[in-house]
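Any value given below was found using the heavy atoms of this structure, including those in side chains, with hydrogens, waters and symmetry copies removed.
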Amino acid sequence: MAEPALLQLRRGEERRLRGGHLWVFSNEVDIARTPLTALSPGQAVRIADAGGKILGTGYVNPNTLISARLVDRTAHALDRSLIVHRLNVALSLREKLYAEPYYRLVFGESDGLPGLVLDRFGDLIVGQIATAGMEALRGEIEAAVAKVFGNAALVWKNAGSVRRLEALPEYVDVGIGAHASLARVREGGLDFDIDPVSGQKTGWFFDQHANRDRLASYVRGARVLDVFSYVGAWGIRAAGFGASEVTCVDASKSAVEAVRHNAALNGMADRVAAVEADAFDFLKAARQERKRWDVVILDPPAFVKRKKDFKEGALAYRRINEMAMQVLERDGILVTCSCSHHMARQSLLDAIGAGARHLDRQVQILEQLQQGPDHPVHAAIPETDYLKGFICRVLPA
């Protein structure tokens with residue numbers, strides 16, 4: 001087999017890679033010696049410094065700002081055996097952490113497979129490919145999953161803005177095996193049915209598992225409002241911990257139907273209600289009607305998807321948190337999160353503080369939240385650290 005093409009960097013531009021990062025930006029490539037235009041999207045490459053020293057193997061997309069991603073520093077071929085090894089390393093961590101097979105199995109760069117996400121729902125694995133390089137390796141990934149997991153089914157849910165940046169088509173497809181239309185997740189002793197094909201992302205948000213576990217101390221006997229509830233993970237977990245009543249709010253009709261289904265599945269239909277409504281509209285109406293809850297949970301979609309959206313997105317975080325405080329009891333608990341990488345932890349805290357000052361409230365930070373350990377943060381890649389949140393006590397000033 002011929003060696004992959006060479007991608008040579010400009011002088012000094014290897015520092016990020018040597019520091020542990022995996023990305024090469026287009027302006028870091030020495031295009032006079034290795035023109036990007038000679039390479040095709042997804043093509044395997046050997047990445048070298050300006051002196052020709054090989055830094056490792058990866059793949060390239062000459063049409064994107066991140067023009068290459070390093071996959072292996074020993075220059076191993078990008079093949080099934082490498083992916084099998086990475087899957088086994090990733091699996092060994094998850095099997096230490098989780099008693100049952102429900103978790104994020106592969107978290108892209110953090111697990112040495114940039115551009116690939118795999119979520120495990122027992123014998124079903126739902127995958128998302130974000131880059132042309134991983135798309136080119138789809139067959140190798142499927143063969144590796146079959147080798148490591150035997151009879152598991154693999155479904156591809158390949159959609160999203162990152163694929164559009166890479167000029168990749170969006171599609172849903174069965175990679176290996178067969179699967180039912182719904183998948184079952186078990187968390188905290190409760191069962192949830194999710195739709196991996198039509199649902200958000202892969203159908204479930206494993207990154208909040210450990211944070212949902214922390215509700216126990218705050219919701220027993222409480223009236224709980226779960227805003228942006230999706231299929232009811234936060235709200236139904238709260239009911240499982242003894243909340244007296246839970247209201248789940250989501251703008252999606254199918255999500256609201258899923259909340260009702262999952263509440264009934266766990267024998268909680270009498271304590272969990274689901275409302276189809278825009279979150280901002282619901283909170284405004286609740287304030288006007290003087291409705292109050294002991295605990296309000298905010299787990300919104302990313303309001304800051306791009307760096308240039310920060311000002312508008314930060315205002316949205318301030319508004320939603322301020323509105324949530326307006327429907328809290330005088331000594332209430334606010335659980336608030338952001339999955340926007342570009343919204344720093346301090347920026348979220350600033351938004352909470354600004355809302356509290358406007359309402360003449362004081363906020364005590366009781367716990368800080370982050371993504372679960374099946375979404376490990378790569379120490380050299382800050383982009384892998386995206387989820388942050390706080391459990392707050394909100395009091396009159």
Side-chain angles (χ1 to χ4, degrees), residues 1-90 106-118 127-145 147 158 161-169 378-384:
M1 182 183 291
E3 282 191 320
L6 188 69
L7 184 74
Q8 198 153 3
L9 305 184
R10 297 166 56 197
R11 189 168 302 280
E13 298 292 359
E14 77 283 358
R15 287 190 297 268
R16 186 189 304 102
L17 296 186
R18 291 196 189 282
H21 212 296
L22 303 179
W23 296 355
V24 175
F25 290 94
S26 55
N27 62 358
E28 297 169 342
V29 177
D30 188 339
I31 56 174
R33 299 165 78 179
T34 56
L36 282 168
T37 53
L39 302 169
S40 58
Q43 184 175 343
V45 291
R46 291 170 298 139
I47 302 171
D49 66 15
K53 182 177 176 57
I54 300 298
L55 301 170
T57 46
Y59 57 77
V60 68
N61 190 338
N63 304 320
T64 55
L65 177 61
I66 303 173
S67 62
R69 286 173 166 85
L70 181 67
V71 178
D72 188 73
R73 295 180 186 275
T74 65
H76 192 290
L78 306 187
D79 59 14
R80 183 183 75 159
S81 68
L82 176 64
I83 298 169
V84 165
H85 173 67
R86 296 285 162 85
L87 287 180
N88 280 321
V89 172
V106 169
F107 182 47
E109 280 79 353
S110 293
D111 285 304
L113 292 168
L116 177 67
V117 162
L118 297 177
Q128 289 191 306
I129 289 173
T131 59
M134 278 294 155
E135 188 75 21
L137 290 168
R138 175 181 152 164
E140 301 292 322
I141 296 166
E142 290 170 356
V145 168
K147 182 173 178 62
N158 286 332
S161 58
V162 178
R163 281 185 70 88
R164 293 192 287 273
L165 287 175
E166 295 262 332
L168 293 171
H378 191 302
I381 307 179
E383 292 84 359
T384 61

Checklist entry - Below 4.5 Å, heavy atoms only, C-beta onward: do Arg18 and Leu55 meet side chain to side chain? => result yes
Does the side chain of Ile31 come within less than 4.5 Å of Leu36's, by heavy atoms? yes
_Student check: side-chain heavy atoms of Ser110 and Ile381 closer than 4.5 Å_ = no
Rounded to the nearest 0.5 angstrom, the CG-OG1 distance for Leu165 and Thr64 is 8.0 Å
Ignoring hydrogens and geometry, is there a side-chain-to-backbone donor-acceptor pair from Thr384 to His378 under 3.5 Å?
yes
With side chain to side chain contact (heavy atoms under 4.5 Å, CB included) as the criterion, how do Leu118 and Val145 come out once you've worked through the C-alpha distance, each side chain's angles and the decisive distance to 0.1 Å? CA-CA 10 Å; Leu118 297 177; Val145 168; 4.3 Å; yes
Point to revise | Side-chain heavy-atom pair Arg46, Leu7 within 4.5 angstrom cut-off | key: no
Under 3.5 Å, is there a donor on one side chain and an acceptor on the other for Glu166 and Asn61?
yes
Residues pairing under salt bridge (charged side-chain N to carboxylate O under 4.0 Å, His left out) where one sits in residues 55-68, two or more places apart or in two chains, turn out to be none
Between Val45 and the options Val24, Leu39, Leu6, the side-chain contact (heavy atoms from CB on, under 4.5 Å) test singles out Leu39
### Query
Taking the side chain from Asp72 and the backbone from Thr74, do they hold a donor-acceptor pair closer than 3.5 Å?
yes
Exactly one of Val71, Leu116, Val106 clears side-chain contact (heavy atoms from CB on, under 4.5 Å) with Arg86, and that residue is Val71
Smallest heavy-atom separation, Ala380 atom then Gly19 atom, equals CB-O, 3.4 Å
side-chain contact (heavy atoms from CB on, under 4.5 Å) with Pro41: of Thr131, Asn63, Leu168, only one passes, and it is Asn63
Correct closest heavy-atom pair for Ile47 and Ala68 would be CD1-CB, 4.4 Å
On a heavy-atom basis, the closest approach of Ala5 and Gln43 is CB-NE2, 3.6 Å
Correct closest heavy-atom pair for Glu28 and Trp23 would be OE1-O, 4.2 Å
His21 atom NE2, over 12 foreign heavy atoms within 6.0 Å: yes
Sequence neighbours excluded, the answer for side chain to side chain contact (heavy atoms under 4.5 Å, CB included) partners of Ala75 is Ile54, Thr57
Closest non-hydrogen atoms of Leu9 and Glu14, given as atom of the first, atom of the second and distance, are CD1-CA, 3.8 Å
Student check: side-chain heavy atoms of Pro4 and Tyr59 closer than 4.5 Å: no
Evaluate the side chain to side chain contact (heavy atoms under 4.5 Å, CB included) criterion for residues Gln128 and Arg163: first the C-alpha distance (whole Å), next the side-chain angles of each, then the deciding distance (0.1 Å), finally the verdict.
CA-CA 10 Å; Gln128 289 191 306; Arg163 281 185 70 88; over 6 Å; no
inquiry  = If you apply the rule side chain to side chain contact (heavy atoms under 4.5 Å, CB included), what do you find for Ile83 with Asp79, and how did you get there?
reply    = CA-CA 7 Å; Ile83 298 169; Asp79 59 14; over 6 Å; no
Under the criterion salt bridge (charged side-chain N to carboxylate O under 4.0 Å, His left out), I'd like the reasoning laid out for Asp30 against Arg11: C-alpha separation, chi angles, the key distance, then a yes or no.
CA-CA 8 Å; Asp30 188 339; Arg11 189 168 302 280; over 6 Å; no
All heavy atoms of Leu17 vs all of Arg73, minimum pair found to be O-NH1, 2.8 Å
Residue set satisfying salt bridge (charged side-chain N to carboxylate O under 4.0 Å, His left out) with Glu109, at least two apart, ordered chain then number -> Arg69
| Leu87 side chain near Lys147 side chain, heavy-atom distance below 4.5 Å | no
* Ile129 side chain near Arg138 side chain, heavy-atom distance below 4.5 Å -> yes
- request: For the residue pair Phe25 and Arg16, establish whether any side-chain heavy-atom pair is separated by less than 4.5 Å.
  value: yes
